[in-house]
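Data block below; observations after.
First the proteins, then the strands, lettered A, B, ... as listed; each starts at 1.
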Amino acid sequence: MADPLALIADRARAAMAVVDPDTADHDPVVRPSQHADVQVNAALAMAKRLGRPPRDVAADLVAALDIDDLCHPPEVAGPGFINLTVRDDVLAALLTDLEHPMRGVRPTDDPHTVVVDYSAPNVAKEMHVGHLRSTIIGDALARSLAFIGHDVVRQNHLGDWGTPFGMLIEQLIDSGVDPATATTAGTADTTAGLIADLNAFYRSARATFDDDPNFAERSRNRVVALQAGDPDSLRLWQLLVDTSKEYFSDAYRRLEVSLTEHDYAGESTYNDVLDDVVAELEAKGLLVVDDGALCAFPPGFTGRDDEPMPLIVRKADGGYGYAATDLAALRHRVRELGATELLYVVGAPQHDHLEMVFAVAGQAGWLDGGIDAEHVSFGSVLGEDGKMFRTRAGDTVRLAELVDEAVSRAAGLLDAKSTGLTADDAADVASAIGLGAVKYADLSSDRVKDYVFAWDRMLALTGNTAPYLQYAHARMCSILAKARPEDRQAATAQAVVIGEAAEHDLAMALLGFDAAVHACTHRRAPHRLCTYLYELATTYTAFYEACPVLRPDDPAVRRSRLALCALTATVLATGLDLLGIRAPERV
RNA sequence: GCCCUCGUAGCUCAGCUGGAUAGAGCACCCGACUUCUAAUCGGACGGUCGCAGGUUCGAAUCCUGCCGAGGGCGCCA
């Protein structure tokens, strides 16, 4: 355990048990402090229980506090805060934990099989900003949860089924694909060409559907045929799905997102179990027929006029909608994938729907045994005008264009700096910075709020941005590269000797990585990790300004400070990696 | 009409589940570059935490009611 706060919390609990045995299991309220390294606020709450002045209780706690081996003598301040400063030699000793692969982060004491549902783009539609947040936030959470020891199962719930496929298949036929012979292998090139611009393909299908009643009729019939298992329809549908999957995989590679084909589990995956899902729900008495549709009415959900709100499991025409698919997916994740936690990284507008799905699943007993399903909600991406982010023409912004612009803007930054990077390296670094900027902008503020998409802010070289963190990291690496080889060799955590205040502060910051990662995972809040990394970087630059690393004559000082640089670079890079962001050694 | 989310400096955002004088960045102003990468750092300025009550030793944080913004409310996903 590397986190001084956690060590102090244990001691504080022991002291509380001495002063008031009934509070042994209470929170000692150990917090970072502006007035010391750490403050213990337990006395204030205890004073109320005991009916005594808080400062007296604080004094008793201090008397009972066995902490000399960790901290300087405690001080009672204000109404009863206990201020603690961690000893420099203790900090130095704790830093050795950061040289292990977990960087001082404790594995979770409650490991789960966590299914993370994220990204979920639609087949035959181009990915756009709407998919950006789910993909980026979901990926960061999946990486972070896996890091602390959860068994993470990524699930990409592709929109690969439903009514739009009628018109998409008809559009394919009208474009010259022969339903009888079309196969993925034989026509892959043709198909890829036909729907190279997925947005245009979808839009033209939509337009024809709206303008041409004959086409619309064919489309509707095609849906029926597809759902009935008609071989020609299935073949064409498969063509669309395969083409899109290749496109998605390219997009994820480009975005450096950890999703692969292995994680694809589209809606169609559940087609053959929908009957069984309905049968099980029916057997448990959870379904009633209402207006011809088979509905569940989980308690606590009302719509207009206080009417109970239905979750429509089977439509009046006998077809299945997304509620059925979502229920089937949930059951599959619990029963087949062994999920004990289910995370749905889905936009806020679907909140009610998901809560209803969870409620029905709970009634069905699928969440028994403490299995937890949670909607990891997020707000919209807004333009700088405060409205939904769109192009000037009013279209949705394509993900590919977004990435291109991010990378080219980042390349512009590098050009302006005229670094000594080779062209290949510069392109790679530009990609890391551009993608990092976009991802970090998305991750660094509270996900439940809407966020404003602004190139200038996310690519800013100052403030809480990825480029700033990446630059700070590169400077650390640069110092390490310039150090004498024998110093670099000796610059391990064991070599750290803390003397300066800036060194003390940096060590404290480094040891906070554990708490930051757990805040990120427990609260599904990547922005907590971002805030931590930014504070680590600013603490480092204060150290960098105050403490020359390579210049001191004393090799022990050089090696100690070099070790602090190396540890900071490692923690920063590890943290960014958990967010899905690279930290190049040079920029 | 009902339900959900949000409202913190001019702007963009934090605020660690109730603790000390509410913190950063941007912008504006002042200061520091023959640099360990100045893509930086230090300082100044800037707040009735939407409004009004309530809970208590103590509220941006919890409760109630308003105001404002966005979203949802039967066979699309």
Side-chain angles (χ1 to χ4, degrees), chain A residues 27 29 31-35 39 41 44-45 47-48 53-54 77-81 83 120 122 157 159 161-164 267 290-295 300-307 309-317 319 321-323 325-326 347-353 355 377 379-380 382 384 386-388 413-414 416-417 419 441 444-446 448-452 454 456-458 460-465 467-468 470-472 474-483 515-516 519 523 525 527-528 530-532 534-535 538 541-542 544-546 548-551 561 565 586-587:
Chain A
D27 180 5
V29 202
R31 298 285 135 83
S33 174
Q34 296 171 17
H35 308 277
Q39 62 186 52
N41 303 338
L44 295 121
K48 189 177 176 186
F81 303 107
N83 289 342
N122 295 316
H157 197 69
W161 199 250
T163 47
E267 296 173 309
D290 199 85
D291 284 348
L294 206 49
C295 303
F301 294 89
T302 54
R304 295 181 202 279
D305 308 323
D306 274 354
E307 299 280 323
M309 193 155 55
L311 185 69
I312 297 172
V313 177
R314 195 173 64 204
K315 298 183 286 182
D317 67 4
Y322 66 112
T325 317
D326 285 343
Q350 291 205 49
H351 182 75
D352 289 351
H353 165 70
E355 290 301 324
S377 173
S380 309
L382 305 180
E384 295 189 67
K387 298 181 179 160
M388 294 295 284
L413 290 175
L414 289 172
K417 182 82 196 310
T419 57
S444 60
S445 67
D446 190 344
V448 306
K449 298 188 188 178
D450 294 345
Y451 101 92
V452 177
D456 290 344
R457 260 199 305 279
M458 67 180 70
L461 309 161
T462 57
N464 190 11
T465 67
Y468 173 81
Q470 288 166 322
Y471 174 63
R475 287 210 297 182
M476 296 166 201
C477 293
S478 172
I479 288 188
L480 288 164
K482 283 194 174 149
R523 312 243 319 239
H527 82 282
R528 289 298 189 83
C530 293
T531 302
Y532 165 79
Y534 178 59
E535 283 172 1
T538 54
T541 48
Y544 177 88
E545 297 290 325
V549 176
L550 302 179
R551 292 197 279 253
R561 290 178 179 173
C565 288
R586 297 181 60 196
V587 298

Write down the partner of [N] under the Watson-Crick or G-U wobble criteria, each distance required to be under 3.5 Å.
| N | result |
| --- | --- |
| U34(B) | none |
| G53(B) | C63(B) |
| C29(B) | G43(B) |
| U5(B) | A69(B) |
| C13(B) | G23(B) |
| U48(B) | none |

With rounding to whole Å, what would you report as the distance between [N] and [M] at their [atom1] atoms?
| N | M | atom1 | answer |
| --- | --- | --- | --- |
| U40(B) | A14(B) | C1' | 22 Å |
| G25(B) | U55(B) | P | 39 Å |
| C62(B) | C4(B) | P | 15 Å |
| A60(B) | A9(B) | C1' | 14 Å |
| U8(B) | U61(B) | C1' | 12 Å |
| A22(B) | C16(B) | P | 15 Å |
| C73(B) | U12(B) | C1' | 33 Å |
| C63(B) | A44(B) | C1' | 41 Å |

Does [X] reach a base, just sugar-phosphate, or nothing at all? Heavy atoms under 4.0 Å.
| X | answer |
| --- | --- |
| Asn83(A) | base |
| Val549(A) | base |
| Val29(A) | nothing |
| Thr531(A) | sugar-phosphate |
| Ala45(A) | base |

Distance check needed: [N] [atom2] versus [X] [atom1], whole Å only.
| X | N | atom1 | atom2 | value |
| --- | --- | --- | --- | --- |
| Tyr451(A) | A14(B) | OH | C1' | 17 Å |
| Asn464(A) | A39(B) | CG | C1' | 16 Å |
| Gln39(A) | G18(B) | CD | C1' | 13 Å |
| Asp27(A) | G18(B) | CG | C1' | 11 Å |
| Asp446(A) | G15(B) | CG | C1' | 11 Å |
| Asp456(A) | G25(B) | CG | P | 19 Å |
| His351(A) | C6(B) | NE2 | P | 10 Å |

Write down the protein N/O and nucleotide N/O pairs, taken from nucleotides 40-46 of chain B, whose separation is under 3.5 Å; answer none if there are no such pairs.
from: U40(B); atom 1: OP1; to: Leu461(A); atom 2: O; distance (Å): 2.2
from: U40(B); atom 1: OP1; to: Thr462(A); atom 2: N; distance (Å): 3.4
from: C41(B); atom 1: OP1; to: Tyr468(A); atom 2: OH; distance (Å): 2.9

Polar-atom pairs under 3.5 Å, protein N or O versus N or O of nucleotides 73-77 of chain B: list them with distances, or write none.
from: G74(B); atom 1: O6; to: Asp290(A); atom 2: OD2; distance (Å): 3.3
from: C75(B); atom 1: O2; to: Ala316(A); atom 2: N; distance (Å): 2.8
from: C75(B); atom 1: N4; to: Asp291(A); atom 2: O; distance (Å): 2.8
from: A77(B); atom 1: OP2; to: Tyr322(A); atom 2: N; distance (Å): 3.4
from: A77(B); atom 1: O3'; to: Glu267(A); atom 2: OE1; distance (Å): 3.1
from: A77(B); atom 1: O3'; to: Glu267(A); atom 2: OE2; distance (Å): 2.1
from: A77(B); atom 1: N7; to: Tyr322(A); atom 2: OH; distance (Å): 3.2
from: A77(B); atom 1: N6; to: Tyr322(A); atom 2: OH; distance (Å): 2.1

| Nearest to the side chain of Ala77(A), which nucleotide is it out of U56(B), A20(B), G19(B)? | A20(B)
| query | Phosphate oxygens OP1/OP2 of G15(B): is one of them under 4.0 Å from a side-chain N or O of Arg528(A)? | reply | yes
Polar atoms only, N or O, under 3.5 Å: list the protein pairs with nucleotides 8-11 of chain B and their distances.
none

| message | I'd like to know if Gln470(A) reaches the base of A39(B) with its side chain such that a donor and an acceptor end up less than 3.5 angstrom apart. | response | no
| message | Syn or anti for G74(B), given that syn means the glycosidic angle lies within 90° of 0? | response | syn
| Is the base of U17(B) syn or anti, if syn means a glycosidic angle within 90° of 0? | syn
| request: Say whether, by atom type as modelled, one donor and one acceptor occur between the side chain of Asp450(A) and the main chain of Gly379(A) under 3.5 angstrom. | output: no
| said: Quick check for you: to the nearest 0.5 Å, what is the distance between Cys565(A) atom SG and Ile479(A) atom CD1? | reply: 4.5 Å
| task | Might you point out which heavy atoms bring Thr538(A) and Glu535(A) nearest each other, and give the distance in Å? | result | OG1-O, 2.9 Å
| field | Side chain proximity check, His35(A) to Phe81(A), heavy atoms < 4.5 angstrom | value | no
